[in-house]
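Accompanying notes for the structure given below.
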Amino acid sequence: MAAYANEKMFYISIGFWLILGVECYSGWSNHTLTIKPGGSVTIPCHYDEKNPPQKKYWFSEYDKSKIYTNTSEENLSVIDHPDQSLFTVTMRNLQNKHTGPYSCAVETEGKPTVTYELHLRVQSAPDVSVVSSSVSGHEGGNVSVQCFYSSGYQNKTKQWCRYKDQSCYTVNDTSQNSSVQISDDGRSSFTVLMTGLRLSDSGWFFCSAGEAMIPVHLTVTEAEPASGPTDNPGNSSETGISKNKNKTDTEDQQIRNKEPLTVWLPVSAALLLLVILVCVFTWRWKQRSKQDKHQNRERNDSRTSDAIYSKPEDPVIYNTINDERSNDTNKNIIYSTVGDAPGSEAMPPAGGTVYSTVAPH
């Protein structure tokens, strides 16, 4: 009887530890992060913003190591962000040896507290992944995130969750906030669409399919001045209309600016051609005037030369030659010729005046 009781207690103990082990494993496996070999990941660890802890660290269950904040190593960085009440853990160049359970922990007055825990697994094909672990959008705008999952997770629950308060949005749950919509293609991915973004939406989220998850950081910036700040997603269409109107006004202004150019270009070309013609006409007129003056000067010079040789006032020298012929005793013949004036070297031109007289002696 006693043996039976001891055997019963033994099986009860085994069952108890099995149940405890399953619960512990379930606690770790509730968040499983799968990364490719050589890949990297950043994990946020939130803490109480009203009572910030004195110490924050990243704890590894595998080797019991504690990596405190503001520590940077080759493949591991733990950085505190007190303005956001969180610290981030970045693990790089992950290998199979990094597979295991990890946790975010803090210490207040010497008492450690685990704030978040997960199981990291390094494998060639991640169970859940995203194209980019960081997305951004403008206040009042929209942002879309596509989350991929492996074939073994097609029938798992798909969620988009916020790290800070663990609030989640589930596929096809119409009772939740309409500003977050999740659609699943049923094959390999589901898409999260956040509309009417607010500045307070900035922070860390994660895509999850079952227990598999992947972190995503969202940054919301202030709206551009042209769009104007708005918290109402319905204003997106009005913003689009306003942008189109501004674009149309700009195009009209450009057309008005081009109209003077269209008018003045032909006028300017005509004026330039007219100026060129006037200049050419003036230059030809001046050239002709110079030519006429030169011809007149040549005619005057010719007349002057003719007058010089035809003036009757030119001095004439008369020479008298007596030719007394012995055979003719009755007559004396006198020859008169024209000679050059004394001191003159110029020869009389052809056709000059010659005076000759013959007188009896």
Side-chain angles (χ1 to χ4, degrees), residues 26-35 39-53 56-61 67 69 76-92 94 101-106 108 112-121 126-137 143-149 156-171 173 176-177 179-182 190-194 197-221:
S26 297
W28 287 109
S29 64
N30 279 341
H31 299 94
T32 301
L33 179 60
T34 55
I35 304 296
S40 61
V41 66
T42 298
I43 303 162
C45 300
H46 288 268
Y47 53 80
D48 188 359
E49 59 183 342
K50 295 181 180 179
N51 299 301
K56 309 108 180 178
Y57 57 89
W58 177 245
F59 181 71
S60 172
E61 287 287 342
I67 308 299
T69 54
L76 178 65
S77 299
V78 182
I79 306 300
D80 190 16
H81 304 275
D83 57 325
Q84 304 176 42
S85 299
L86 62 86
F87 65 93
T88 55
V89 179
T90 302
M91 304 178 72
R92 294 175 287 270
L94 290 169
Y102 295 86
S103 62
C104 304
V106 297
T108 303
T113 303
V114 174
T115 60
Y116 180 74
E117 56 188 10
L118 60 81
H119 188 87
L120 176 64
R121 191 163 60 235
D127 295 327
V128 176
S129 62
V130 290
V131 174
S132 176
S133 60
S134 179
V135 294
S136 61
V143 69
S144 178
V145 179
Q146 188 175 14
C147 306
F148 299 91
Y149 54 83
K156 299 289 185 178
T157 302
K158 316 302 188 307
Q159 290 184 317
W160 173 254
C161 302
R162 190 181 184 96
Y163 265 102
K164 187 175 182 179
D165 53 13
Q166 296 294 300
S167 59
C168 296
Y169 301 90
T170 307
V171 172
D173 189 349
Q176 300 178 104
N177 191 340
S179 64
V180 179
Q181 303 172 14
I182 306 177
F190 65 94
T191 302
V192 180
L193 176 63
M194 298 182 67
L197 292 173
R198 296 171 295 180
L199 295 177
S200 59
D201 290 329
S202 296
W204 286 92
F205 295 79
F206 63 83
C207 298
S208 70
E211 75 281 358
M213 47 80 69
I214 189 71
V216 178
H217 185 258
L218 170 63
T219 302
V220 180
T221 58

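Given the structure is predicted, the values throughout are model-derived calculations rather than measurements.
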Exercise. Before giving the answer on side-chain contact (heavy atoms from CB on, under 4.5 Å), spell out for Tyr116 and His46 the whole-Å C-alpha distance, their side-chain angles and the decisive distance to 0.1 Å.
Key: CA-CA 8 Å; Tyr116 180 74; His46 288 268; over 6 Å; no
Please give me the minimum heavy-atom distance between [X] and [Y], naming the atom from each residue.
{"X": "Val114", "Y": "Ser103", "value": "CG1-CB, 3.9 Å"}
{"X": "Ser144", "Y": "Leu193", "value": "CB-CD1, 4.3 Å"}
{"X": "Pro101", "Y": "His119", "value": "N-ND1, 3.8 Å"}
{"X": "Lys156", "Y": "Gly210", "value": "CB-N, 3.5 Å"}
{"X": "Cys207", "Y": "Val128", "value": "O-CG1, 4.0 Å"}
{"X": "Pro82", "Y": "Tyr47", "value": "CA-OH, 3.4 Å"}

Can you measure from [atom1] ([X]) to [atom2] ([Y]) and round to the nearest 0.5 angstrom?
{"X": "Leu86", "Y": "Lys56", "atom1": "CG", "atom2": "NZ", "answer": "10.0 Å"}
{"X": "Ile214", "Y": "Thr34", "atom1": "CD1", "atom2": "OG1", "answer": "6.5 Å"}
{"X": "Met213", "Y": "Leu118", "atom1": "CE", "atom2": "CG", "answer": "6.5 Å"}
{"X": "Gln166", "Y": "Phe206", "atom1": "CD", "atom2": "CZ", "answer": "5.0 Å"}
{"X": "Ile67", "Y": "Phe87", "atom1": "CD1", "atom2": "CZ", "answer": "11.5 Å"}
{"X": "Ser129", "Y": "Gln146", "atom1": "OG", "atom2": "CD", "answer": "9.5 Å"}

Exercise. Check whether the side chains of Thr42 and Thr90 place a donor and an acceptor atom closer than 3.5 Å, and report yes or no.
Key: yes
Taking the side chain as C-beta and beyond, is there a heavy-atom pair between [X] and [Y] under 4.5 Å?
{"X": "Ser136", "Y": "Thr221", "answer": "no"}
{"X": "Phe205", "Y": "Val135", "answer": "no"}
{"X": "Lys164", "Y": "Ser85", "answer": "no"}
{"X": "Leu33", "Y": "Pro215", "answer": "yes"}
{"X": "Pro112", "Y": "Tyr57", "answer": "yes"}
{"X": "Leu218", "Y": "Val145", "answer": "no"}
{"X": "Met194", "Y": "Tyr169", "answer": "no"}
{"X": "Val192", "Y": "Val180", "answer": "yes"}

Quiz item: Between Ser167 and Arg162, is there a donor-acceptor pair closer than 3.5 Å when you use the side chain of the first and the backbone of the second?
Solution: no
Quiz prompt | Steps toward side-chain contact (heavy atoms from CB on, under 4.5 Å) verdict (Trp204, Ile43) | solution = CA-CA 9 Å; Trp204 286 92; Ile43 303 162; over 6 Å; no
Practice problem: Report the relative orientation of the aromatic rings in Tyr102 and Trp58; use parallel for angles under 30°, tilted for 30 to 60°, perpendicular for over 60°. | Solution: parallel
Practice problem: Test side-chain contact (heavy atoms from CB on, under 4.5 Å) on Val106 and Thr115 and set out the steps. | Solution: CA-CA 7 Å; Val106 297; Thr115 60; 4.0 Å; yes
Self-check item: Derivation of the side-chain contact (heavy atoms from CB on, under 4.5 Å) call for Val171 and Thr157
Solution: CA-CA 7 Å; Val171 172; Thr157 302; over 6 Å; no
Quiz item: If you draw the axis of the six-membered ring of Tyr149, does the NZ or CZ of Lys158 fall within 45° of it and under 6.0 Å from the ring centre?
Solution: yes
